[in-house]
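Computed from a predicted structure; not experimentally measured. Letters A, B, ... mirror the listed sequences (proteins, then strands); counts begin at 1.
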Amino acid sequence: MPRAGTLIPASFYLRPVAEVARDLLGRHLALGPVVLRITEVEAYGGPADTASHARAGRTPRNAPMWEPGGRAYVYFCYGMHHMLNLVTGPAGRAEAVLIRACEPVAGLEAIEARRGMPARPAQLAGPGKVAQALGVDLAYTGHLLYEPGGLELRTGAPPEGILCGPRVGIDFAAPEDRARPWRFAAAGTAWVSQRKPLG
DNA sequence: CACAGGATCGTT
DNA sequence: ACGATCCTGTGT
């Protein structure tokens, strides 16, 4: 019984991206046998955010970002990693939240088989690891998260507290965008990035 | 059609 | 600190 809690409705996503990002902490991502509790995220803005894929305008890759919130935006990075984002806001805002780290709730066997190693805390910190654990790839870009079946966002235990800081891996962005504290992590869990801790 | 680079990860 | 590895966007 991997499913628990309730499916989160489309209206959840229709708010400013940083607000949705904070609210995503503690909620569950479910796909097949695997359920993950979200512990770390980053918010990415529309065209004005030079760290965001939306900075170059609409392209075939980022097309789901420009659609109404509540769907996945998945892209392939560095030739080997899939990155899972949840699109937020009304159509045209092109905002999304990158899922950076999770804590396993169900499907440990499937996770370890996919990752080829024990699912210790540090092993699910990082967006590439999250997508691999869930079994998400490019086929899921554009997928609606508020419809039953397939990849779903569901309710879960809220975090004890929220830590925030600057986003990771965006050295190419403008200084004001690099400084933006749009990385959020749940307090009180080991299932977050170890190398660049928040707090 | 060719090319440079990337919201990373695991090992050295 | 570096290499893996390929999709994507841009330019010719």
Side-chain angles (χ1 to χ4, degrees), chain A residues 13 16-18 20-22 24-25 29 36 38-67 69 71-89 93-104 111-143 145 151 163-185 190-198:
Chain A
Y13 304 91
V17 65
V20 178
R22 298 169 63 96
L24 277 169
L25 295 174
L29 285 165
L36 303 181
I38 299 171
T39 55
E40 185 178 333
V41 298
E42 278 174 0
Y44 284 89
D49 181 359
T50 62
S52 173
H53 283 183
R55 65 186 180 274
R58 184 173 181 141
T59 66
R61 177 175 66 160
N62 69 22
M65 289 186 77
W66 304 81
E67 303 201 41
R71 64 201 67 204
Y73 164 45
V74 181
Y75 67 92
F76 193 60
C77 194
Y78 294 104
M80 53 185 71
H81 303 293
H82 294 283
M83 305 286 160
L84 171 61
N85 300 258
L86 308 191
V87 177
T88 69
R93 287 298 302 260
E95 298 174 334
V97 178
L98 173 66
I99 308 299
R100 284 199 62 85
C102 288
E103 163 186 13
I111 294 170
E112 294 184 338
R114 283 175 184 149
R115 302 230 55 241
M117 59 182 82
R120 303 202 319 277
Q123 318 261 6
L124 272 185
K129 302 174 189 177
V130 169
Q132 186 184 21
L134 261 181
V136 162
D137 59 18
L138 287 179
Y140 283 88
T141 201
H143 178 90
L145 285 130
L151 178 60
L163 311 173
C164 73
R167 295 171 289 182
V168 179
I170 53 159
D171 291 344
F172 54 83
E176 61 269 28
D177 290 326
R178 271 186 294 169
R180 204 178 291 204
W182 271 11
R183 177 187 179 201
F184 305 99
W191 296 85
V192 296
S193 297
Q194 309 282 304
R195 299 187 69 97
K196 303 178 181 179
L198 290 171

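Note on A/R58: nothing from the nucleic acid sits closer than 4.0 angstrom, heavy atoms only. Using a 4.0 Å heavy-atom cutoff across all strands shown, A/A56 reaches sugar-phosphate atoms only and no base atom.
When the P atom of C/dT8 is taken as reference, atom CG of A/D137 falls 12 Å away, rounded to whole Å.
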What N/O pairs connect the protein and nucleotides 6-8 of chain B at under 3.5 Å? Give each pair on its own line.
from, atom 1, to, atom 2, distance (Å)
B/dA7, OP1, A/H53, NE2, 2.5
B/dA7, N9, A/Y75, OH, 3.2
B/dA7, N7, A/H53, NE2, 3.0
B/dA7, N6, A/H53, N, 3.4
B/dA7, N1, A/N85, OD1, 2.5
B/dA7, N3, A/Y75, OH, 3.3
B/dT8, O2, A/H81, NE2, 2.9

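A/H53 has its ring centre no less than 6.0 Å from the ring centre of A/Y44. A centroid separation of 6.0 Å or more is found between the aromatic rings of A/H81 and A/Y78.
Partners of A/F76 by side-chain contact (heavy atoms from CB on, under 4.5 Å), not counting sequence neighbours, listed by chain and number: A/H82, A/L138. A/A174 is linked by a side-chain contact (heavy atoms from CB on, under 4.5 Å) to A/T50, A/E176, A/D177, counting only residues two or more places apart in sequence or in another chain. With sequence neighbours left out, A/R61 forms a salt bridge (charged side-chain N to carboxylate O under 4.0 Å, His left out) with no residue at all. For A/P64, the side-chain contact (heavy atoms from CB on, under 4.5 Å) test picks out A/Y73, A/T141, with sequence neighbours left out.
Salt bridge absent: A/R167 and A/E42 never bring a charged side-chain N and a carboxylate O closer than 4.0 Å.
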The dot-bracket string of DNA chain B, counting Watson-Crick and G-U wobble pairs with both distances under 3.5 Å, using [ ] for crossing pairs and | for pairs to another strand, is ||||||.||||.
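Rounded to whole Å, the C1' atom of C/dC2 lies 16 Å from the corresponding atom of B/dG5.
How far CG of A/L86 is from CG of A/L151: 7.5 Å, rounded to the nearest 0.5 Å.
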